[in-house]
Every structure is written in structure tokens, then in C-alpha cells.
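Have a look at the structure below before the remarks.
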There are 2 protein chains.
Amino acid sequence: MTPPKVSKVLLVGAGGTLGRAVHTALRERGHQVVTASRKDADIRVDITDPDSVRAMYDAAGAVDAVACAAGSVPWRPLGELTTSDVRAGLEGKAVSQIELVRQGAPRLPAHASYTLITGILTREPLLTGSVASLVNGAVEAFVRAAAIELPGRQRINAVSPTVFTESMDVYGEVFAGFDPVPVARAANAYVKSVEGHRTGEVFRVE
Amino acid sequence: MTPPKVSKVLLVGAGGTLGRAVHTALRERGHQVVTASRKDADIRVDITDPDSVRAMYDAAGAVDAVACAAGSVPWRPLGELTTSDVRAGLEGKAVSQIELVRQGAPRLPAHASYTLITGILTREPLLTGSVASLVNGAVEAFVRAAAIELPGRQRINAVSPTVFTESMDVYGEVFAGFDPVPVARAANAYVKSVEGHRTGEVFRVE
């Protein structure tokens, strides 16, 4: 089954810098975008809560693709890290995004795709970012693994960007020496994942 | 401060195929090995319980190196995976090993090292192994990140082996087409990590 040329995409985490850019990029490609977020979206969702994810899928109906731009992790020096910080990061960006796939797999069509968000800290660590590294590494390895087990011809990829030009006022200090990229380039990687035919890959945007 | 030529090594997960091989390799190099495990060890420990990890460190006293060969994850088809499976894998091999580092960092000497266990599924997925991939990817990225934040000159590495020759009767079917390695080769990578000077690295044994 070939995916339709114009897809209905469920965009999770639509309200952030990245989410808004992905929304724009998908609309410009003619896709129908259903937004899901903690607030100000077509569907309210807390992806760390499996029941909320279930309700989101019920509300969204049939979708051709899930694009996730949501996920939060604590940034804290290793010496101050608590076990709760580690767990909060894993729940906030790994277990939560896996839940989108786990619940999506049996209900979405055979051509559906999942595009998850990770980040450059998988490969380039930063001070106070050990939980971000941990969680991004987890999601990227999961993406490679899930790709060989998804039903039908479902696909899954991760977008792994460096710091955004638009976020340099907040993150510029910690990302000193990194070349920022316009968030539109990361959004374009979502288009590549949604419209393309690749699976199990990490699209680096740096 | 240079590490002593002969180290006192706390070996966590001493009872398994890998743990016993690491024990032998470290003793052959003249190190003093203190074993910790769920049973049949110098110190009883459940590394998924932070209080148990604390008690282990109290009982072990000053050690020069921590070598972990412990960690378990559920193997299950993606289509049968529950949220609890995902969390159990993360607790069993990621949060637990991070706990060894988190609690070790402030109490071990400036030259101490940590050697954690991951596995080839980070880079080569297998059917029913998505949680193993997830967890190994998490630990490997954490190792790279923790390396730049550990106090003093503390070091951290991961050993990431393929399937062991000694485990082919159990795992041979799922690892079809993989070249197994003798477990002694993985144990040797622990020696490299403990005695060497490298940090933030994943020692692939394949």
C-alpha cells in the first residue's frame, strides 16, 4: 500500500519552536495537520500519561503519520543529579515517545510513519546534559530497533538536530562553539521522514 | 593522582557468564576483586534499589574501580510490549547502572573508573530486542556525557559485546548470522577500561 500523496499528520508537541516550524513545513507541503499538545492545540495531550495518549489517538481518528516534537528533560550537573531526575528525563522524552509508537502501531494504517525527536547530545555531550544524552541515545536506538518490528510497512525515524538559531538567546551559552541551524531545517527533516520511504534512521540536522 | 598499579575493583553482577569471566580476568591481572551480586557474592546488592546501592558502597569501602556486568531487560515482540516492559528495562539496566555512577562519583577516589555493560543491540537491532536496544543506547550516550562531568580524573566507559560463544546454546537462534566472541574477549575489554586511561568510550567487542 502506498501512502497517500497528501497525508493527515498528527503533530504532537505543536506549540514549541520546533513544533510550530514543523506545522508550517507540513502545511506548505499540503498535508492536513492535526495538532496535539498540553495546551492550545486541536487535541490536549500529556504524552507521559498512557491514558492521555490513548484518548489522543481516539480523538485524532485515522492518521497517516505521527510527528513528535515534544519531550522535556532536566538539565542538571552530574554531581547534583538525583535518581528522580534520571527517571523524569526517561519518562519525559523516551517512555513518552515510545508510548506514541506502542499505541500507534496496532491502530494506524500499514503505511503510517512515526517521526520522533532526539538531539545532538546523543553524540556530542554538554555540561549538565547527561540526562538529555541518555534519553536521546535511548530513543535513537529504539528507532533502529522498532523499524524492524513495526506492522505492515509502518516506518519510524528520528530527527536529531543541533541547537536552533532561534534558540541561541536561551541556549547559546551552553552550546558555545556549535554551529546553530535554522529550525526550518529540522522541520524539513520531518518532511523527509513523513514523505520519504526510509525507516530506522536518525536524520542529523547540524 | 595516578591510579595504583594493582586496584581494588568492585565487580557488580559477578555471578553471570560475563561476570565470572571479568572476575577471572581481573584476578589474573593481580587486582583485588570484591564481588557484589543478588546472591553468592561478597556483598548482596540489588542495583535497581538506590538504598541497596548505598549499602553496597558502604560495605565495599574505598575502591579504585567499579566494573558492572549486571543488568536485565525484557525481550518481547514490539506488538506485545507494555509500558511496564519499557520501564522495567530502563530500570533494570540503565537507571541501575547510572545509580552506580551517581552514588560512586562523590565517594570514590579521584582516579576511580566505572565500566558499564551495554551490548551490540545499540547498533544492530534484533527481533524482540527493542527494549535491549533502547537501554543500551541510553547507557552508551550517558557514558559519553558523564565522562565530561565526573569529579577529579574519574573515568567511565562501556563494554558493548556481541553474543558470547558460551551463550550460543541459549541465544544462538536470535543471533543467527552474528559472529559470536568468547566471553574472555569481553572480559579483556573490562581490563582495558580499568587499567587504561581512556574515558567516555564504548569498547565494542565483536
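The chains referred to below are lettered A, B, ... by the order of the sequence lines, with proteins before strands, and numbering in each begins at 1. Being a predicted model, the structure only gives us computed values, none of them experimental. Side-chain atoms are counted along with the backbone in the values below, which use heavy atoms only and exclude waters and symmetry mates.
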Heavy-atom proximity to chain A below 4.5 Å, by part of B/I98:
side chain

For B/V86, is it the side chain, the backbone, both or neither that has a heavy atom under 4.5 Å from a heavy atom of chain A?
side chain

Where does A/R144 contact chain B at under 4.5 Å (heavy atoms): side chain, backbone, both or neither?
both

Can you tell me which portion of B/A146 sits under 4.5 Å from chain A's heavy atoms? Options are side chain, backbone, both or neither.
both

Give, as side chain, backbone, both or neither, the part of B/E91 having an atom under 4.5 angstrom from any heavy atom of chain A.
side chain

Taking NZ, NE, NH1 and NH2 as the nitrogens, is one of them in B/R123 or B/E206 under 4.0 Å from a carboxylate oxygen of the other?
yes

Chain A contact via B/L90 - which portion, at a heavy-atom distance below 4.5 Å
side chain

Report yes if the side chains of A/Y190 and A/L11 come closer than 4.5 Å at any heavy-atom pair, otherwise no.
no

I need the residue from B/T128, B/V131, B/L121 with the largest number of non-hydrogen atom pairs under 4.5 Å to chain A.
B/T128

Among A/L78, A/L126, A/V139, A/I148, which has the most heavy-atom pairs under 4.5 Å with chain B?
A/L78

When only pairs under 4.5 Å are counted, which of B/P77, B/P106, B/A105, B/S130 shares the most heavy-atom pairs with chain A?
B/S130

Let me know if B/E99 has heavy atoms under 4.5 Å from chain A in its side chain, its backbone, both or neither.
side chain

Is there a side-chain contact between B/H31 and B/K8, using heavy atoms and a 4.5 Å cut-off?
no

Shorter than 4.5 Å, heavy atoms on both sides: which option in B/G137, B/S133, B/A141, B/A138 has the most such pairs with chain A?
B/A138

Under a 4.5 Å heavy-atom cut-off, does chain A meet the side chain of B/L150, its backbone, both or neither?
both

Turns out that what part of B/P151 lies under 4.5 Å from chain A's heavy atoms comes down to neither

Flag the pair B/F164 / B/V205 as yes when at least one side-chain heavy-atom distance between them is below 4.5 Å, and no otherwise.
no

Please check if atom OH in B/Y171 has more than 12 non-hydrogen atoms from other residues, nucleotides or ligands closer than 6.0 Å.
no

Would you call A/P161 and A/I117 a side-chain contact if the rule is heavy atoms closer than 4.5 Å?
yes

Select one option (side chain, backbone, both, neither) describing which atoms of B/P50 are under 4.5 Å from chain A's heavy atoms.
side chain

Would you say that B/N188 contacts B/F203 through its side chain, given a criterion of any heavy-atom pair below 4.5 Å between the two side chains?
no

Report yes or no: do A/E140 and A/T118 form a side-chain donor-acceptor pair below 3.5 Å?
yes

Any donor-acceptor pair under 3.5 Å from A/S160 side chain to A/G119 backbone:
yes

Taking atom CZ of B/R44 as the centre, does the number of heavy atoms from other residues, nucleotides or ligands within less than 6.0 Å exceed 12?
no

With chain B as the partner, which of A/T83, A/T122, A/N136, A/V95 has the greatest number of non-hydrogen pairs under 4.5 Å?
A/T83

